[in-house]
*Asks:* 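Shown below is the structure under consideration.
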Protein chains: 4
Amino acid sequence: MQFLSDNAAPVHPQVWRALQAADDGDTPYDTDALSREMDARFSALFGRECAALWVATGTAANCLALATMVEPHGGVICHEESHIEQDECGAPGFYLHGAKLMLAPGEGAKLSPEAIEMRLKGITRGVHQVPAQAISITQSTEYGVVYRPRELAAIGALAGAHGLGLHMDGARFANAAAFLGGEPSEAVGPADVLSFGFVKNGGMGAEAVVFFDPGKAEVARWRRKRAGHLQSKGRFLAAQILALLEDDLWLRNARAANAAAQEVAGGATDRLLCPVEANELFVRADAAERAALREAGFAFYDWNDSTIRVVTSWATDPAHAAAFGKAIARL
Amino acid sequence: MQFLSDNAAPVHPQVWRALQAADDGDTPYDTDALSREMDARFSALFGRECAALWVATGTAANCLALATMVEPHGGVICHEESHIEQDECGAPGFYLHGAKLMLAPGEGAKLSPEAIEMRLKGITRGVHQVPAQAISITQSTEYGVVYRPRELAAIGALAGAHGLGLHMDGARFANAAAFLGGEPSEAVGPADVLSFGFVKNGGMGAEAVVFFDPGKAEVARWRRKRAGHLQSKGRFLAAQILALLEDDLWLRNARAANAAAQEVAGGATDRLLCPVEANELFVRADAAERAALREAGFAFYDWNDSTIRVVTSWATDPAHAAAFGKAIARL
Amino acid sequence: MQFLSDNAAPVHPQVWRALQAADDGDTPYDTDALSREMDARFSALFGRECAALWVATGTAANCLALATMVEPHGGVICHEESHIEQDECGAPGFYLHGAKLMLAPGEGAKLSPEAIEMRLKGITRGVHQVPAQAISITQSTEYGVVYRPRELAAIGALAGAHGLGLHMDGARFANAAAFLGGEPSEAVGPADVLSFGFVKNGGMGAEAVVFFDPGKAEVARWRRKRAGHLQSKGRFLAAQILALLEDDLWLRNARAANAAAQEVAGGATDRLLCPVEANELFVRADAAERAALREAGFAFYDWNDSTIRVVTSWATDPAHAAAFGKAIARL
Amino acid sequence: MQFLSDNAAPVHPQVWRALQAADDGDTPYDTDALSREMDARFSALFGRECAALWVATGTAANCLALATMVEPHGGVICHEESHIEQDECGAPGFYLHGAKLMLAPGEGAKLSPEAIEMRLKGITRGVHQVPAQAISITQSTEYGVVYRPRELAAIGALAGAHGLGLHMDGARFANAAAFLGGEPSEAVGPADVLSFGFVKNGGMGAEAVVFFDPGKAEVARWRRKRAGHLQSKGRFLAAQILALLEDDLWLRNARAANAAAQEVAGGATDRLLCPVEANELFVRADAAERAALREAGFAFYDWNDSTIRVVTSWATDPAHAAAFGKAIARL
């Protein structure tokens with residue numbers, strides 16, 4: 001029973017169908033009909049004009065988004081446990097040509113306006129210091145908690161007041177949107193660019209970078225090519241994304257994953273590090289307890305010496321989730 | 001009848017089967033069984049120990065290969081019409097952190113030892129000039145001609161004498177190998193790293209970077225992650241590549257493409273810019289002739305004012321190729 | 001008798017005096033009174049508002065200038081024999097984060113509007129190619145010839161029509177201005193940024209980057225610091241520059257250098273590669289002739305197998321120049 | 001009475017004499033006799049073979065040193081209050097092409113082996129994380145304290161065990177060496193490269209990068225040129241450095257600065273943030289106390305709301321230092 005990662009989940013059957021339908025010899029790169037449909041589909045989804053580019057990975061999506069906001073001598077305020085800081089092997093340093101990640105703390109890997117302001121207050125020495133040019137937040141966060149619309153509004157106001165871009169790493173944006181009630185524009189708030197994740201939610205290898213200022217997408221198009229991310233058979237990436245947008249499949253998948261997480265959480269209430277709002281749980285468990293759970297057939301990662309990370313996906317069998325919850329309760 | 005690009009060809013049925021078989025929830029990134037099989041499969045293919053990494057595009061493959069050979073202050077000798085110079089939007093400048101492409105001329109986009117030596121002789125002013133650190137050649141070339149083993153040996157000897165790395169851009173390596181008789185080690189010669197193309201030859205979105213000094217692959221692994229090219233469901237990239245290696249499908253596909261090109265060439269002998277050795281033809285045709293061919297249902301790109309580019313693929317219908325050859329002959 | 005390079009010339013006595021006067025413990029970096037005076041002095045010199053930054057070298061000046069105009073995925077059209085292409089060890093690749101130098105030919109290392117347009121016409125394939133974002137010209141050129149005001153106007157018009165920045169490498173701007181009659185605004189024409197050289201013209205280690213759109217200087221200030229070029233005792237760089245601007249010392253020095261060049265040229269009229277307009281001569285001389293000149297006590301560099309380069313400076317003894325001219329005439 | 005910064009100190013008279021003696025028209029860049037003498041002089045000073053390069057600033061020195069140790073995908077462990085992290089506007093990100101500074105805490109801005117090991121222990125996730133490739137320490141530290149030889153040995157052992165390079169930022173190396181008794185090899189310990197500061201200690205605009213593995217200097221030579229730091233009249237930088245090495249002037253200057261710091265410290269013992277070991281003091285003083293000191297004619301920077309920074313130099317008048325100590329004692 002697999003709770004290691006939503007990366008291990010299979011490709012959704014409707015995505016498979018869309019992939020095969022796309023095998024039609026259309027024109028290369030992003031000149032095919034499917035790729036050209038993306039802007040309109042995301043514009044409809046968010047209720048305002050967007051420009052959207054596909055790329056294969058969340059790392060590329062985050063970096064291309066930030067590259068439109070941050071100069072090589074600039075900086076990005078982000079959480080000290082964010083994916084861009086911890087898990088991307090310095091990819092932002094590469095794509096942003098040495099720009100600096102400016103770390104701030106916060107419960108549940110969430111940035112607060114206060115933490116951001118504290119970081120900004122430390123920047124006082126002119127050209128001797130890196131100027132902040134953007135804020136990057138993760139929705140849902142590395143710890144599976146979700147920014148509420150008023151929290152997003154407060155961060156957006158701060159960004160506006162300081163002339164900073166606002167980027168949202170939405171590797172699990174779907175799970176956040178599902179938690180908040182299913183309205184994507186509420187879940188994204190005033191972000192300027194969203195890395196909208198599909199790989200963990202039924203896709204094979206496609207994410208979208210959604211620009212709410214369509215003009216900003218132009219620079220990203222050059223940078224995507226320059227980074228080797230303009231796939232020549234791009235129609236297969238667009239196909240995945242459009243399939244997941246169709247009839248809100250992305251949202252239905254996320255709801256299933258969130259529900260499975262709640263099922264597990266039900267048995268772990270007194271052991272949870274953070275509230276369970278999306279599809280990740282951080283559960284306190286000592287070595288003996290982990291061994292017992294693994295012995296019982298549950299696969300998961302150790303987060304640190306005292307905590308395990310449990311991840312559900314659109315494909316998690318609800319019975320497995322219930323069993324896991326019970327097994328934890330029994331410890 | 002489509003002769004625009006081998007990028008427009010469909011995904012081969014065996015690749016589709018392999019993709020679906022890979023949808024098994026194996027571990028992420030390149031830790032799955034298929035990804036771990038790649039080194040052994042390429043080692044068997046080339047008859048010597050290799051390390052092989054998958055990436056989604058030829059641009060990424062070329063750049064990651066070169067990044068293991070060239071320092072940011074170094075240079076790469078390449079043909080002035082090579083893909084890395086002309087068509088990758090400066091990707092080598094990005095991946096190599098500003099290293100320089102040092103251009104040399106040559107018939108059929110082929111580099112000769114003489115042209116390389118001429119370039120090297122101009123480098124005499126110590127730290128005021130960029131030092132050459134690698135040579136990059138394309139097999140088959142941008143003009144569809146193929147380096148012979150003795151030509152490769154001569155370039156390899158020159159590279160060795162000057163301490164330069166040797167990279168081969170093999171976006172159409174399969175077509176070159178098919179032309180040379182099907183022995184991959186002959187087609188690659190003494191190259192240190194090969195960008196081995198599969199996308200144009202039946203794949204969906206996977207190329208291999210093959211290191212003949214396996215130790216060199218380590219740096220490329222970090223750089224791949226850092227460039228956002230370590231896909232989390234990497235099993236689907238490995239699956240494509242392994243499917244194409246199985247029972248020499250890559251070679252059979254290339255032979256079919258080459259045969260189709262010969263079929264077209266048969267009708268165009270007195271109009272060819274270069275000998276047709278792989279799956280590309282450059283055919284002299286004026287505006288009226290182009291219009292006539294398009295009128296007759298043939299799709300192709302204009303190369304310049306007097307020449308068209310015709311590309312065949314594994315999926316080109318031999319009857320279409322024959323018809324195209326006849327149509328050209330009739331002009 | 002030294003004709004190797006204007007780099008070998010001594011520091012002018014008035015510069016020495018200014019350096020010593022600056023040893024007054026003023027505030028660090030560019031907050032001292034002398035550094036703060038630079039904008040006004042260059043604005044007065046050019047008759048329009050400028051912002052000017054000091055740096056230690058022409059390479060840094062050129063690169064910081066270009067960094068305000070060219071994005072990492074962009075390109076700079078320049079002459080194939082320009083200093084930024086030939087002699088700076090790839091510095092533009094470093095400072096511009098991999099942007100491309102797009103080479104064009106031209107007599108006397110001069111770019112013509114036609115050569116620039118030809119280069120621009122080749123850029124047609126969208127994101128697959130690097131977009132040109134700036135033109136860089138050298139005044140006086142690598143071959144010691146000078147752009148006339150109407151030539152500058154034509155290039156400026158072309159830059160404007162294509163939305164390109166215009167940079168002038170003025171390592172020997174003083175010699176060009178002296179040749180053109182001493183009006184600096186005519187010599188700079190419609191350039192957006194000028195690298196104004198002082199080191200070769202009586203300075204010790206200071207050049208100015210002059211921005212004719214003062215707002216553009218802001219980015220250069222960050223980049224200067226980031227490149228380690230914001231010297232903490234910057235007052236000593238400002239002092240050199242201001243001393244050379246005082247009473248047109250820069251122009252008087254350049255006139256002396258140009259006059260010395262004319263003196264040499266007088267004896268070499270039938271051997272000159274280019275017209276002598278500034279302080280460099282390229283003189284045809286075979287191996288025996290070179291040996292004879294060196295035997296007679298003249299020091300100079302070989303430019304290639306058939307040509308020598310002769311450079312005069314503000315400090316060239318007119319008698320030496322006359323002697324050199326006679327020695328060449330006598331060959 | 002000036003205690004703002006050692007940057008504001010004048011150029012030492014012997015440095016002036018050396019500068020003027022160097023105005024001899026020697027060959028350009030670093031081919032002159034003085035530049036060529038540097039290796040031997042530093043080798044004699046440290047009692048082992050070194051290669052030494054001049055550059056104009058400490059930022060350039062630090063970055064060129066690190067660029068020989070750290071790949072673009074690598075990281076440098078350094079103190080969270082180090083100059084490379086806090087005060088260089090992201091210069092290491094520029095010179096190291098996006099490599100990461102990995103911050104560690106420590107009293108007095110000193111790194112301990114424990115803090116370094118803690119940082120290393122967090123690096124466990126393969127290519128998903130930046131690998132550490134070097135350690136950078138500052139001697140004396142940002143807080144004016146000095147690493148003892150056994151502390152350096154312990155850090156060197158750790159670096160060796162993990163295959164990391166060891167860099168020493170010695171902007172105030174002279175003050176550290178003076179404190180430790182004047183033996184430079186003890187003060188540098190097992191560092192692989194030293195940024196040896198001269199600007200704050202009597203120079204005008206020259207620092208040395210000293211490589212204890214001379215082979216490593218080669219890469220730095222290319223990078224220096226590429227960064228625009230190879231000044232054409234390099235003889236003037238070498239002259240400053242050699243003048244300060246002559247008869248241990250560097251050490252005598254540092255002893256004078258340190259003695260002045262002790263003089264001030266004598267009056268501030270109960271207010272010191274750190275022990276005073278070099279030429280910087282961090283003194284607790286509230287707003288009223290600061291005002292009183294400034295009223296009395298003492299100039300210094302506020303470090304934060306409760307602390308002032310006091311810096312002495314080789315040129316600090318001992319009477320001023322004594323007066324400042326007394327003024328603080330009187331508060």
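Every chain is numbered from 1 and lettered A, B, ... according to where its sequence line falls, protein lines coming before strand lines.
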*Asks:* With a 4.5 angstrom heavy-atom cut-off, is it the side chain or the backbone of C:Pro28 that approaches chain D, or both, or neither?
*Replies:*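 Side chain only.
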*Asks:* For a 4.5 angstrom cut-off between non-hydrogen side-chain atoms, does C:Leu19 reach D:Met204?
*Replies:*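 Yes, close enough: below the 4.5 Å cut-off.
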*Asks:* To check you understand the geometry: which heavy-atom pair defines the closest contact between C:Val199 and D:Ser232, and what is its length?
*Replies:*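 Minimum heavy-atom separation between C:Val199 and D:Ser232: CG1-OG, 3.4 Å.
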*Asks:* For each of C:Asp26, C:Asp32, C:Thr59, C:Asp24, tally heavy-atom pairs with chain D at distances under 4.5 Å, and name the one with the top tally.
*Replies:*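 The option with the most such pairs is C:Thr59.
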*Asks:* Of the backbone (N, CA, C, O) and the side chain (C-beta and beyond), which part of C:Phe236 lies under 4.5 Å from a heavy atom of chain D, both, or neither?
*Replies:*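 The side chain, not the backbone.
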*Asks:* Relative to chain D, which of C:Ala227, C:Ser5, C:Gly90, C:Gly25 shows the most heavy atom pairs under 4.5 Å?
*Replies:*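 Highest number of pairs under 4.5 Å: C:Ala227.
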*Asks:* Can you say whether the rings of C:Phe94 and D:Tyr95 are parallel (under 30°), tilted (30 to 60°) or perpendicular (over 60°)?
*Replies:*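 C:Phe94 and D:Tyr95: perpendicular rings.
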*Asks:* Can you check whether C:His229 and D:His229 have ring centres sitting under 6.0 Å from each other?
*Replies:*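 So the answer is yes for these two rings.
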*Asks:* Just one of C:Lys233, C:Gln231, C:Lys225 clears the side chain to side chain contact (heavy atoms under 4.5 Å, CB included) bar with D:Thr57, so which one?
*Replies:*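 When side chain to side chain contact (heavy atoms under 4.5 Å, CB included) is applied between D:Thr57 and each of C:Lys233, C:Gln231, C:Lys225, only C:Gln231 qualifies.
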*Asks:* Where the side chain of C:Asp23 meets the backbone of D:Val11, is there a donor-acceptor pair that is under 3.5 Å apart?
*Replies:*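 Confirmed, C:Asp23 side chain pairs with D:Val11 backbone.
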*Asks:* Quick check for you: among C:Glu88, C:Arg223, C:Lys200, which has the greatest number of heavy-atom pairs under 4.5 Å with chain D?
*Replies:*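 Max contact count across the listed options: C:Glu88.
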